Structure formats: structure tokens, C-alpha cells
Amino acid sequence: KNEVEQSPQNLTAQEGEFITINCSYSVGISALHWLQQHPGGGIVSLFMLSSGKKKHGRLIATINIQEKHSSLHITASHPRDSAVYICAVGRGSQGNLIFGKGTKLSVKP
Amino acid sequence: DTGVSQDPRHKITKRGQNVTFRCDPISEHNRLYWYRQTLGQGPEFLTYFQNEAQLEKSRLLSDRFSAERPKGSFSTLEIQRTEQGDSAMYLCASSTRLARRTDTQYFGPGTRLTVL
């Protein structure tokens, strides 16, 4: 079993829909990261959080430390949100991240 | 552009050849990471440096792989005697370590390696 699990693996939505991507982890963490990867490989960090909730524009990330679970929400989805969304966890002083396999999101106009 | 840069962006080589990749991190970042990503998978950790010291290596990093960061700035990743299984995207990231916490990692565009 992977230390970081994401669901769903693939997600197709219509423009305007509310989207939720889930991440569960089985190890102790210092922080959880949500990343976005577009075709061609470039990875952009969206959020780093260790508790509670963060919001940037239409993106919202939440984390429940007790349940070892995080969600990434996209409100009013748009075709430009189409990308792979990756959950990753950091484990304190080690610094390196452990990644989930990613969720491929496709938003249709 | 002051982001993380990687060179080359693409590399095609024949099995058995040696290849070397370079990563230039954001200038004030003291931590540098190498990851490998195969198709349809999330990235996997290979190794990381704090300044010039290599602090951790994954067991994925066989003895054919070596990484250096000689002056605590740019880093190189060399793969000797490449195998077809080495075909992947090699990603570099950098960050600033804040005491006892991980900081946001900034990723480069990656080097896509194809071993024929």
C-alpha cells in the first residue's frame, strides 16, 4: 500500500462544476502539499498546509490531521484547470516529499 | 527568469551510455532535491542536498547514479551505463529550509530522458 493515496485517479467535469480531489496518507507528516502538473512536466506548488484550511482564488485545501486526510476543492471549474493534481507529504527535517500518483482532471467546456 | 532551471530539457541516449543533467536552483535556496517521475506515476525522491552536503539518498539511487552539488549552488545528476528502465522525467526542486519545517519546493521544468 502506498504511503500517499489519491482518489479519484481520473476525473472529468463540465465547466462550472465543483470538484473535489481526496488524499489519504499513512505516515506522520509535518506538512501536506498540493501540486499542479501541466502536460510537459512543469510542477507548481499550490498549497502547503499542516492544519485547517487554505484558500487561493477558486482553490481550497483542507486537512484533517487526526484522520490523515486532505481534500483539494476547485469551485467554478474552468477548462484551464485541466491538469494533474498531486498530493505530497513532507516528513519534518528530512525535507523530501512523498508523492501520491496524482489525479488527472479534465474540465470540458 | 529566477526560477529553477534544468538542462537539457530532453535527452535521448543509447543503452550503456552515460548522461549528466544539470539543475540550477533559485539562488538563495540552500536545499536542492532530485526526483524521478515515470509515466502515470507521481514523482519519487532520489536525493537531496543542503548546501553542498548530500544528506539523504533513496534506495532507488543505484550505484550507477551519482549526484553532486560542489559549491552549494548548481547540482549535477549523472547516470552511468544507462538502462531502458532509466527512461523517465528527472525533476529538480529547491527550497529554503526553515527550522524544523519543510518549506515550499519550487520545481524545475524537468529533463526527459529516453534510453533506446
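Values below: all heavy atoms of this structure, side chains included; hydrogens, waters and symmetry mates excluded. These numbers come from a predicted model, not from an experiment. Below, chain A is the first sequence line, B the second, and so on; all start at residue 1.
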Asks: Checking Y33(B) against L97(A) for the side-chain contact (heavy atoms from CB on, under 4.5 Å) test, could you report, in this order, the C-alpha distance in whole Å, the side-chain angles of both residues, the deciding distance, and whether it holds?
Replies: CA-CA 9 Å; Y33(B) 307 83; L97(A) 299 177; over 6 Å; no
Asks: Please list all pairs meeting ring-ring contact (aromatic ring centres under 6.0 Å, His included) that have one or both residues in residues 73-93 of chain B, counting only residues at least two apart or in different chains.
Replies: F21(B)-Y90(B)
Asks: Using non-hydrogen atoms only, which part of I86(A) is less than 4.5 Å away from chain B: side chain, backbone, both, or neither?
Replies: side chain
Asks: So does E67(A) have more than 12 non-hydrogen atoms from other groups sitting under 6.0 Å from CD?
Replies: no
Asks: Counting only heavy atoms not in E78(B) (residues, nucleotides, ligands), do more than 12 fall under 6.0 Å from its CD?
Replies: yes
Asks: Within a radius of less than 6.0 Å around CD1 of I12(B), do more than 12 heavy atoms belonging to other residues, nucleotides or ligands occur?
Replies: no
Asks: Using heavy atoms and a sub-4.5 Å threshold, report which of residues 98-108 of chain A line up against chain B, by residue number.
Replies: F99(A), G100(A), K101(A)
Asks: Taking only heavy atoms into account, what residues of residues 39-47 of chain B are found under 4.5 Å from chain A?
Replies: G40(B), Q41(B), G42(B), P43(B), F45(B)
Asks: Does CZ belonging to F107(B) count more than 12 external heavy atoms closer than 6.0 Å?
Replies: yes
Asks: Heavy-atom distances under 4.5 Å only: say whether Q37(A) touches chain B with side chain, backbone, both or neither.
Replies: side chain
Asks: Which pair of heavy atoms, one from T104(B) and one from M48(A), lies closest together, and at what distance?
Replies: N-SD, 3.8 Å
Asks: Would you say L11(A) ends up clustered with Y85(A) if hydrophobic residues are merged whenever their side chains have heavy atoms under 4.5 Å apart, either directly or through other cluster members?
Replies: yes
Asks: Tell me, please, which residues at least two apart from S51(A) pass side-chain contact (heavy atoms from CB on, under 4.5 Å).
Replies: none
Asks: If every non-hydrogen atom of N96(A) is compared with every non-hydrogen atom of Q105(B), which pair is closest and at what distance?
Replies: CA-NE2, 4.4 Å
Asks: Just wondering, more than 12 heavy atoms not from R15(B) lying within 6.0 Å of its CZ?
Replies: no
